Amino acid sequence: MAYWLMKSEPDVFSIDDLKARRVAEWDGVRNYQVRNLMRDDMAVGDLAFFYHSSCEVPGIVGIMKITKTGLVDPTALDPTHAQFDPKSDPQNPRWMMVEVRYQQHLRPMIPLERLKREQRALGDLWVLRPGNRLSIVPVSSAQWHKILSFTP
DNA sequence: GCCAACGTTGGC
DNA sequence: GCCAACGTTGGC
């Protein structure tokens, strides 16, 4: 089983939105590295941190589980959708998504600032790499458990 | 709103 | 295949 960290802007889709809906499709990914991670490396049953980005206090706010993989992202094929990609062939869709299910909030949340402070203990955490802009990044088992130990 | 760090695009 | 211009991400 693998672990992940998945970013979302809370103004767009927050952990509270996910809790209210229980499951959600992680659509809108338009980055090939991230698509390849979802397509090739994610598996049903994997766990992921829900990370709030571009907000007042960025950081990890909860946990979700991957419940479906290999789904075609319909927003890429819908000309009326903001995320429409005219270059995606409906016969051979290039953008994929996964389905996630809410597991729990982490209270208190674990701010990015805390992760930075714990960098020595965490080692090479992808989300702390300078210039990292991938919206989904892998987390090692050791890092996952270390981060969980930061919250009661 | 600024800016650094990328990824993507398109002319050549 | 190079590379400049442009767009996006995301912390601050």
Side-chain angles (χ1 to χ4, degrees), chain A residues 2-21 24-42 46-66 69-100 102-140 142-144 146-151:
Chain A
Y3 300 97
W4 305 93
L5 180 149
M6 301 169 73
K7 302 178 189 172
S8 179
E9 299 185 22
D11 290 347
V12 178
F13 187 73
S14 73
I15 181 85
D16 293 326
D17 296 329
L18 177 61
K19 183 179 184 181
R21 291 172 43 177
E25 290 166 336
W26 206 265
D27 61 16
V29 170
R30 299 290 181 270
N31 173 287
Y32 290 106
Q33 282 187 67
V34 175
R35 181 205 63 184
N36 294 346
L37 284 175
M38 286 198 296
R39 187 187 61 190
D40 304 332
D41 299 324
M42 257 190 187
D46 286 356
L47 293 174
F49 287 129
F50 196 124
Y51 180 94
H52 280 175
S53 67
S54 295
C55 56
E56 198 172 342
V57 184
I60 295 168
V61 292
I63 295 174
M64 52 196 172
K65 180 177 276 193
I66 310 303
T69 60
L71 304 170
V72 171
D73 184 343
T75 66
L77 303 173
D78 175 2
T80 68
H81 199 280
Q83 305 274 25
F84 174 59
D85 179 2
K87 281 173 296 186
S88 183
D89 174 9
Q91 303 308 318
N92 185 23
R94 71 174 66 181
W95 300 116
M96 321 285 296
M97 63 184 188
V98 298
E99 183 192 75
V100 297
Y102 174 81
Q103 297 282 109
Q104 63 177 95
H105 277 66
L106 293 183
R107 300 194 199 275
M109 68 169 290
I110 303 167
L112 174 61
E113 196 238 329
R114 177 81 196 274
L115 298 176
K116 286 181 175 172
R117 257 191 290 127
E118 304 280 358
Q119 195 150 21
R120 185 181 297 265
L122 290 171
D124 184 20
L125 189 65
W126 206 323
V127 78
L128 296 179
R129 290 183 193 176
N132 157 62
R133 302 177 315 137
L134 299 182
S135 60
I136 300 179
V137 294
V139 174
S140 75
Q143 289 167 338
W144 177 271
K146 190 79 193 171
I147 290 169
L148 278 185
S149 77
F150 298 159
T151 198

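In this text the structure is predicted, and so the values were computed from the model without any measurement. Below, all heavy atoms of this structure are taken into account, side chains as well, without hydrogens, waters or symmetry copies. By convention in this document, chain letters (A, B, ...) are assigned in the order of the sequence lines, proteins followed by strands, and residues within each chain are numbered from 1.
Between chain A and DNA chain C, the heavy-atom contact criterion of under 4.0 Å yields a 5' to 3' nucleotide range of dG7(C) to dC12(C).
Proximity of Leu122(A) to Phe150(A): side-chain heavy atoms (C-beta onward) are separated by under 4.5 Å at one or more points. You'll find the side chain of Met6(A) reaches within 4.5 Å of the side chain of Met64(A), heavy atoms only.
Nearest heavy atoms, Leu115(A) versus Leu125(A): CD1-CD2, 4.4 Å. Shortest non-hydrogen contact noted between Pro108(A) and Thr151(A) is O-OG1, 3.2 Å. When all heavy atoms of Ala24(A) and Phe13(A) are compared, the closest pair comes out as CB-CZ, 3.6 Å. Closest of all the heavy-atom pairs between Met38(A) and Met97(A) is CE-CA, 4.0 Å.
For residues 31-38 of chain A, proximity to DNA chain C is found at no residue, defined as any non-hydrogen atom under 4.0 angstrom from a strand atom.
Thr75(A) and Arg30(A) share a donor-acceptor pair across their side chains, judged by distance under 3.5 Å alone. Between Arg21(A) and Tyr102(A), the side chains place no donor N or O within less than 3.5 Å of an acceptor N or O (distance only, hydrogens not considered).
Applying the side-chain contact (heavy atoms from CB on, under 4.5 Å) test between Tyr51(A) and each of Ile136(A), Leu112(A), Val137(A), Ile15(A) identifies Leu112(A) as the sole match.
Judged purely by atom type and a 3.5 angstrom limit, Gln143(A) uses its side chain to pair as donor or acceptor with the backbone of Asp124(A).
Across all strands, Ser53(A) comes closer than 4.0 Å only to sugar-phosphate atoms, never to a base (heavy-atom distances).
Comparing the end axes of the helix from dG1(B)-dC12(C) to dC12(B)-dG1(C), each fitted to five base pairs by superposing C1' atoms of four pairs onto the next four, gives an inter-axis angle of 10° (nearest 10 degrees).
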